[in-house]
Q: 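Dropping the structure in here first, questions after.
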Number of protein chains: 2
Amino acid sequence: MSRRSFTTRKPALLSEVVELAWVRLMRSQRRIFESIERDLQAEGCPPLAWYDVMLELDRAEDGRLRPMEIERRTLFAQPNLSRMIARLEREGLVRREAFSDDGRGHWVVITEQGRRKRAAMWEIYGAAIEKHLGARLTDGEAEHLADLLAKLV
Amino acid sequence: MSRRSFTTRKPALLSEVVELAWVRLMRSQRRIFESIERDLQAEGCPPLAWYDVMLELDRAEDGRLRPMEIERRTLFAQPNLSRMIARLEREGLVRREAFSDDGRGHWVVITEQGRRKRAAMWEIYGAAIEKHLGARLTDGEAEHLADLLAKLV
DNA sequence: TCAATATAGATGTAATTGCATCTATGTCCC
DNA sequence: GGGACATAGATGCAATTACATCTATATTGA
């Protein structure tokens, strides 16, 4: 592929390597994410976003959190999360319960079925992470990568 | 935050560090991506996806590519790209031209206005990359990060 | 040459997202 | 106590996405 020169005037401060790191961060995340989503879907699993929510609930005391707390932990936008919880509830993976301390809120509680589903998803999910990420890095590289990415969050 | 122990049975092969690298890859990409999108939007710019397409066209010979070639380079799904091109065309940033070699296809050509818009977006975009990524890494770290991410694509 | 199949790209549709707004309850302060 | 403002969460709606399919043109092979 003949790479022509082309004029991209860069903002004074931005270095080539930073731009390259960004492009690769985008590409690798997107590509691996999509691969993993496909792997999950191929096994009849729900999308990864559901996993994130169920994991937070599974870890939480009594398997329950308030929507705003899930939001804080997962960074999903509030209206989207609200509807996602509705979908999870429709599938019987969580249920809502009254929250007496604050009449505006309620608990979201993971069900037994939800816990089982999460565990089942992890089988696929973990294997997919290994396949798409683990297999391409040594443990040392993975650790180093994790350290570098930690600086970004 | 008291981190309780919880039983997550891992698929035999997946190491802790790989999982951590994956979680951070997701989080950092998503958070920075959203920040950059907000920065662009705050300046009245179209979404980043438009930039990707216009950049490919801007770089291409005669500022033109076939949809399937854009698809190959950007990895957008075909129906989504098809509609994105329609939107770009509606905004006067690209136009379609006949492609005589193959009656099924056509050229997508970037307009002068499209080139200007792309350049204008880059001012914001580049600064945003610097702000959200560059400012948090030394050049050495950025280079190292880029190298590690290269192994994933 | 022509039927069978493959490919480029568009389109219908249902699901999902983003954004603004709405409702209901809580908090603050006079 | 009660008005003004803040917060939790839901909902309406327009835009976007994913997925399946459709149309038109190419290619292939008998």
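Keep in mind that this is a model prediction, so the values were computed, not measured. Computed over heavy atoms, backbone and side chain alike; hydrogens, waters and symmetry mates excluded. Proteins come first, then strands; the chains are lettered A, B, ... in the order of their sequence lines, and each starts at number 1.
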Q: Between B:Ala142 and A:Ala21, which heavy-atom pair has the shortest distance, and what is it?
A: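 Smallest interatomic distance, heavy atoms only, reads O-CB, 3.7 Å.
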
Q: Just how far, in rounded Å, is P of C:dT25 from CE of A:Met68?
A: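 In whole Å, C:dT25 P lies 18 Å from A:Met68 CE.
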
Q: With sequence neighbours excluded, give me every salt bridge (charged side-chain N to carboxylate O under 4.0 Å, His left out) pair touching residues 33-42 of chain B.
A: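 Matches after skipping sequence neighbours: B:Asp39-B:Lys131.
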
Q: Using a strict threshold of under 4.0 Å (side-chain N to carboxylate O), is an ion pair present between B:Glu69 and B:Arg72?
A: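 Here B:Arg72 pairs with B:Glu69 in a salt bridge, since their nearest N and O are under 4.0 Å apart.
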
Q: Just the rounded figure in Å: distance from P of D:dA24 to NE2 of B:His106.
A: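 Taking atom P of D:dA24 as the reference, NE2 of B:His106 is at 15 Å.
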
Q: Write down the distance between CZ (B:Phe76) and P (C:dA10), rounded to a whole number of angstrom.
A: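 Spelled out: CZ on B:Phe76 to P on C:dA10 is 16 Å.
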
Q: In whole angstrom, give the distance that lies between atom CZ of B:Arg72 and atom P of C:dT7.
A: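 After rounding, the reported distance stands at 16 Å.
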
Q: Which residues, if any, of residues 81-98 of chain A bring a heavy atom under 4.0 Å of DNA chain D?
A: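 Within this stretch, A:Ser82, A:Arg83, A:Arg96 sit under 4.0 Å of the strand.
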
Q: Expressed in angstrom and rounded to an integer, what is the separation of B:Glu37 atom CD from C:dG18 atom P?
A: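 The answer, rounded to whole Å, is 10 Å.
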
Q: When the distance from CZ of B:Arg38 to P of C:dC19 is rounded to whole Å, what number comes out?
A: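 Those two atoms, CZ and P, are 9 Å apart.
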
Q: Which pairs pass side-chain hydrogen bond (donor to acceptor under 3.5 Å, both in side chains) with one or both residues in residues 22-32 of chain B, sequence neighbours excluded?
A: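 Non-adjacent pairs meeting side-chain hydrogen bond (donor to acceptor under 3.5 Å, both in side chains): A:Tyr125-B:Trp22.
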
Q: Provide the closest heavy-atom pair for A:Met121 versus A:Pro46 in the form atom of the first, atom of the second, distance.
A: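 Closest heavy-atom pair between A:Met121 and A:Pro46: CE-O, 3.2 Å.
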
Q: Supply the atom-to-atom distance A:Leu40 CG to A:Trp122 CH2, rounded to the nearest 0.5 angstrom.
A: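 CH2 of A:Trp122 is found 10.5 Å from CG of A:Leu40.
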
Q: I want to check one thing: is the phosphate of D:dC19, taken as OP1 and OP2, less than 4.0 Å away from some side-chain N or O of A:Gln41?
A: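 Yes, such a contact exists.
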
Q: Keeping B:Thr74 on the side-chain end and B:Val53 on the backbone end, is there a donor-acceptor pair under 3.5 Å?
A: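 No.
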
Q: Could you check how far CG of A:Leu65 sits from P of D:dA8, rounded to whole Å?
A: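 One finds 15 Å between P of D:dA8 and CG of A:Leu65, rounded.
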
Q: Name the atoms and distances for all side-chain donor-acceptor pairs under 3.5 Å in residues 93-100 of chain A, with sequence neighbours left out.
A:
from    : atom 1 : to      : atom 2 : distance (Å)
A:Arg95 : NH1    : A:Glu97 : OE2    : 2.1
A:Arg96 : NE     : A:Glu89 : OE1    : 3.0
A:Glu97 : OE1    : A:Arg64 : NH1    : 2.9
A:Glu97 : OE1    : A:Arg64 : NH2    : 3.3

Q: Polar atoms only, N or O, under 3.5 Å: list the protein pairs with nucleotides 26-28 of chain C and their distances.
A:
from   : atom 1 : to       : atom 2 : distance (Å)
C:dG26 : OP1    : A:Gly103 : N      : 2.8

Q: Judged by each residue's nearest nucleotide on DNA chain C, which is more toward the 5′ side, A:Ala49 or A:Gln78?
A: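 The residue mapped nearer the 5' terminus is A:Ala49.
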
Q: Whole-Å distance between C:dA8 P and B:Arg66 CZ?
A: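 Nearest whole value for this atom pair: 7 Å.
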
Q: Look at the side-chain N and O atoms of A:Asn80 and state whether any lies under 4.0 Å from the OP1 or OP2 oxygen of C:dT16.
A: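 It does not, given that no N or O in the side chain of A:Asn80 lies less than 4.0 Å from OP1 or OP2 of C:dT16.
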
Q: Which atom pairs, donor and acceptor, lie under 3.5 Å between side-chain atoms of residues 133-141 of chain A and protein residues at least two apart or in another chain?
A:
from     : atom 1 : to       : atom 2 : distance (Å)
A:Arg136 : NE     : A:His132 : O      : 3.3
A:Thr138 : OG1    : A:Gly140 : N      : 3.4
A:Thr138 : OG1    : A:Glu141 : N      : 3.0
A:Asp139 : OD1    : B:Ser15  : OG     : 3.4
A:Glu141 : OE1    : A:Thr138 : N      : 2.9
A:Glu141 : OE2    : B:Lys151 : NZ     : 3.3

